[in-house]
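Okay, so here's the structure we're looking at.
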Number of protein chains: 2
Amino acid sequence: MGFERTFGDTIKKLREEKKLTLRTVAEALEIDTSMLGKIEKNSRKPTKSFIEKISKYFSVSDKDLLISFLSDEVVYQVLGDEDYADQVLKVAEEKVEYIRNQKSS
Amino acid sequence: MGFERTFGDTIKKLREEKKLTLRTVAEALEIDTSMLGKIEKNSRKPTKSFIEKISKYFSVSDKDLLISFLSDEVVYQVLGDEDYADQVLKVAEEKVEYIRNQKSS
DNA sequence: TATATTTGGACTAAAGTTGTCCAAAATGGG
DNA sequence: CCCATTTTGGACAACTTTAGTCCAAATATA
């Protein structure tokens with residue numbers, strides 16, 4: 001899976017590959033058409049349940065889609081203001097590692 | 001700077017090393033004592049302005065404190081639910097890299 | 001024991017988020 | 001070009017979250 005795209009781009013591509021309309025997919029997932037459009041444009045966040053439904057609908061990995069979304073969130077958070085993105089991510093990794101070791105001791 | 005601790009732990013340690021009370025520091029920074037206590041316990045978020053003031057007050061790097069705080073946020077975000085933390089961070093790095101290349105082209 | 005410090009609950013105001021509805025804009029087939 | 005359909009995004013109300021303050025209980029200190 002190509003993670004360079006955003007979550008929205010990813011699900012939009014899945015839909016367009018199958019030549020389906022927003023309305024068609026939205027009905028299948030039982031959500032508002034406009035909502036689906038916004039999620040594709042990353043202007044509304046998918047719920048966990050949405051990610052489950054859409055991954056099932058397109059037969060793609062639920063986990064991959066979730067990671068795609070969560071990483072978008074992290075990127076968004078980390079790219080504001082001053083750009084210490086790399087350092088912030090590096091330190092975050094260290095902290096995650098540290099916390100893991102804590103737990104298992 | 002040891003980034004294994006949380007932002008709250010870090011500023012608490014700075015205060016205790018100088019044997020200052022919450023009230024003393026809070027007054028110097030012109031914020032509520034209780035607020036400072038909560039920030040030390042990571043139950044309230046520091047504002048950008050708070051980080052600037054406290055780093056100046058203790059003569060430590062503003063940037064380091066900011067990174068400490070931002071990385072806490074990322075860790076918090078990434079450690080919920082299923083734990084794909086490593087993968088999410090890795091993908092986030094790739095996306096940041098990707099976005100950087102986009103901009104400079 | 002008396003005094004100061006730390007902790008956290010409760011609350012209000014402000015800010016942010018969600019999902020829905022609707023209409024304008026864009027697209028595409030005939 | 002026209003019409004039907006799709007896409008896009010604004011506006012809104014309901015709801016959730018967060019921020020900051022005040023206060024009192026708990027804890028530490030001298």
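Note that the coordinates shown come from a computational prediction; the quantities given were computed from them, not determined experimentally. Per chain, numbering begins at 1; letters A, B, ... match sequence-line order.
One can place NZ of A:Lys48 at 16 Å from P of C:dT18, the figure rounded to the nearest angstrom. For the pair A:Lys19 NZ and D:dT7 P, the computed distance is 12 Å after rounding to whole Å. Following rounding to the nearest Å, A:Glu40 (CD) and D:dT7 (P) show an atom-to-atom distance of 8 Å. What separates CG of A:Leu22 from P of D:dA4 is a distance of 21 Å, to the nearest Å. Taking atom OH on B:Tyr76 and atom C1' on D:dT18, their separation rounds to 12 Å, with Å as the unit. Counting to the nearest Å, the C1' atom of D:dT18 and the CZ atom of B:Phe50 are 17 Å from each other. Taking atom CG of residue B:Leu36 and atom P of nucleotide D:dA19, one finds them 15 Å apart after rounding to whole Å. Look at NZ on A:Lys41: it is 10 Å from P on D:dT7, rounded to the nearest Å.
The terminal axes of the helix from C:dT1-D:dA30 to C:dG30-D:dC1, fitted over 5 pairs per end, subtend an angle of 40° to the nearest 10°.
The side chain to side chain contact (heavy atoms under 4.5 Å, CB included) with B:Ile51 is formed by just one residue from the set B:Ile39, B:Leu66, B:Asp64; it is B:Leu66.
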### Message
side-chain contact (heavy atoms from CB on, under 4.5 Å) for B:Leu89 and B:Val74? Distances and angles first, verdict last.
### Response
CA-CA 9 Å; B:Leu89 290 176; B:Val74 170; 3.6 Å; yes
### Message
Using the rule given for salt bridge (Lys or Arg N to Asp or Glu O under 4.0 Å), can you reason through B:Glu93 versus A:Lys90, listing the C-alpha separation, both sets of side-chain angles and the distance that settles it, and then say yes or no?
### Response
CA-CA 9 Å; B:Glu93 273 172 28; A:Lys90 188 169 157 295; over 6 Å; no
Please enumerate all protein N or O atoms sitting under 3.5 Å from an N or O of nucleotides 22-30 of chain D, with distances to 0.1 Å.
from: D:dC22; atom 1: N4; to: B:Ser34; atom 2: OG; distance (Å): 3.1

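Between the side chain of A:Lys95 and the backbone N or O of B:Ser68 there is at least one donor-acceptor pair closer than 3.5 Å. The backbone N or O of B:Leu20 sits nowhere less than 3.5 Å from a side-chain atom of B:Thr24 that would complete a donor-acceptor pair. Panel note: side chain A:Asn42, backbone A:Gly8; a donor-acceptor pair is recorded below 3.5 Å.
Of the N and O atoms on the side chains of B:Asp72 and B:Thr6, not one donor lies less than 3.5 Å from an acceptor on the other residue. For B:Ser43 and B:Lys38, the side-chain atoms include no donor-acceptor pair closer than 3.5 Å.
Between A:Lys45 and B:Glu16, the one whose closest nucleotide on DNA chain C sits nearer the 5' end is B:Glu16. Where B:Arg23 and A:Ile31 each meet DNA chain C at their nearest nucleotide, the meeting point lying more 5' is that of B:Arg23.
Comparing D:dA19, C:dG19, D:dT8 by their nearest atom to the side chain of A:Thr47 picks out C:dG19.
Of the charged side-chain nitrogens involved, none lies within less than 4.0 Å of a carboxylate oxygen, so that B:Asp32 and B:Arg23 do not count as a salt-bridged pair.
Note on B:Arg44: a base of the nucleic acid sits closer than 4.0 angstrom, heavy atoms only.
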